[in-house]
Protein chains: 2
Amino acid sequence: MALRYALMAALHEAPATGYELTQRFRSRLANVWNASHQQVYRELARLLEDNKLLVETVAQSDKPDKKRYHLTIAGRKDLEEWLNTPQPRPPVRDPLLVKLFAGDLLDSDVLKEDIEKLKQDWLAQLGYFRSIEHTYFRQPSALSRQYRLQYMALRRGITQITAGLEWLEELETTLEELDDAP
Amino acid sequence: MALRYALMAALHEAPATGYELTQRFRSRLANVWNASHQQVYRELARLLEDNKLLVETVAQSDKPDKKRYHLTIAGRKDLEEWLNTPQPRPPVRDPLLVKLFAGDLLDSDVLKEDIEKLKQDWLAQLGYFRSIEHTYFRQPSALSRQYRLQYMALRRGITQITAGLEWLEELETTLEELDDAP
DNA sequence: CCTTACATGTAACAAGTTACATGATTAG
DNA sequence: CTAATCATGTAACTTGTTACATGTAAGG
């Protein structure tokens, strides 16, 4: 159910095509919501069917036409209702922690590779989030309520990754200790 | 695919019934993996079908019989292979952040209730994790590799929630500022 | 009497993933 | 010539959720 509203929230910010929405999920919304392009197109079709959206076909000279979706009044109302009703918190399902849990069957070198990979991913993501913070949210106190709340969504991503990186350090230290005194 | 391995990892630690596995997912594994009892029973049936598990029927005097599942050699081998191959990191899908992203449609009082609820949930969870830490992982340096890695899985839960609570404070401060100077 | 814990499932449906499909343009 | 970006989809499959179903025992 929530994908619908993630899409509507993104379209409420600004009308967009399925392609652009997919990109937003992968970039600015990476710490908020995730969806593949297949999911996006399918759900957009349903939202359109339910009259929550309108399409505007944008002709392009060289590239194929694209469909820009807009929230309708009904869509906005629907979104507003959802926003103001309690939502569950996300379920936790982390393969890396499953691995650690069965740590006695886990090879140390494989684990170290996993850690290194994850660290690189997180650092890249953190760099990206910080660049957004720097360019759009320099003095938060000057921002409108809307943007301050968006900023807090971004802050969540930054603090989460920062805590994740600290934990990775802790994990690496543990592995070194285990290597030294086996 | 990963539910299979989460179950196998849990059964590798100790044989258990579907009921017990469901409970573990809700308690000790709350920061690792999540699954409803329906999912657990369905997947256990599949694992049994694939000869990754064995059942032992445990007769009980007053309560109905229960089925205790054990990992087979094939199951253990399968798990080991999975553990030593790279796994994707969990996708991010957080309804609360979707709400913040569309913050201009969000009522402040509703948001404050969400925050309060989440804080209570997290505090309870943190208390629980800390109690495990205190009773089972007092001097980590004395522990075997297996338990030190399990401890690091627990540490992930503790550090994640701690960071989450700090972020919630930041969010509350922001809301107060917005209330004071509208 | 009512709820919670114990104990195990089936069925229908919604959400998410993977594979396949097509076609143009731009950069290396 | 090859890969990447833009742009949109269909189909099959797997995973996860919700609703329904049943029965015992203990505690308030």
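Chain letters run A, B, ... following the sequence lines, proteins first and then strands; every chain starts at 1. Values in this document were obtained by computation on a predicted structure and should not be read as measured data.
- Listed by residue number, R93(A) are the residues of residues 87-96 of chain A with a heavy-atom contact under 4.0 Å to DNA chain D.
- When only modelled atom types and interatomic distance are considered, Q150(B) and Q146(B) share no side-chain donor-acceptor pair under 3.5 Å.
- The interatomic distance linking Y5(B) (OH) with dT15(D) (C1') rounds to 14 Å, in whole Å.
- Counting only heavy atoms from C-beta outward, the side chains of V98(B) and W82(A) approach each other to under 4.5 Å.
- We find that CZ of R26(B) is positioned 10 Å from C1' of dA5(C), with the value rounded to whole Å.
- When the C1' atom of dT14(D) is taken as reference, atom CD of E49(B) falls 17 Å away, rounded to whole Å.
- With sequence neighbours left out, the ring-ring contact (aromatic ring centres under 6.0 Å, His included) criterion links F129(A) to no other residue.
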* Determine, step by step, whether R155(A) and T174(B) satisfy the side-chain hydrogen bond (donor to acceptor under 3.5 Å, both in side chains) criterion, reporting the C-alpha distance in whole Å, the side-chain angles of both residues, the deciding distance to 0.1 Å, and the verdict. => CA-CA 12 Å; R155(A) 285 291 303 158; T174(B) 298; over 6 Å; no
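- Of the candidate nucleotides dT15(D), dT17(D), dG16(C), dT15(D) has the atom lying nearest to any side-chain atom of M1(B).
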* Test log, rule side chain to side chain contact (heavy atoms under 4.5 Å, CB included), inputs L83(B) and Y5(B) -> CA-CA 8 Å; L83(B) 290 172; Y5(B) 299 100; over 6 Å; no
* Base versus backbone protein contacts along nucleotides 7-12 of chain C [heavy-atom cut-off under 4.0 Å; B, S, -] -> BBBB--
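- Between L3(A) atom CG and dT15(D) atom C1' there is a gap of 15 Å when expressed in whole angstrom units.
- Considering all non-hydrogen atoms of both residues, V55(A) and L48(A) come closest at CG2-CD1, 3.5 Å.
- In this structure, CG of N34(B) is placed 11 Å from P of dT18(D), rounded to the nearest angstrom.
- Using a 4.0 Å cut-off, some side-chain N or O of Q39(B) falls inside it from OP1 or OP2 of dT17(D).
- Rounded to whole angstrom, the span from the CZ atom of F25(A) across to the P atom of dG16(C) amounts to 10 Å.
- The hydrophobic cluster containing I158(A) does not contain V92(B), counting ILVMFWY residues as joined when their side-chain heavy atoms lie under 4.5 angstrom apart, directly or transitively.
- For Y147(A), the OH atom sits in a loose shell: 12 or fewer heavy atoms of surrounding residues, nucleotides or ligands are nearer than 6.0 Å.
- Put simply, F25(A) and Y41(A) are part of two different groups of oily side chains (I, L, V, M, F, W, Y) that touch within less than 4.5 Å, one to the next.
- Residue Q23(A) places at least one side-chain N or O under 4.0 Å from the OP1 or OP2 atom of dC6(D).
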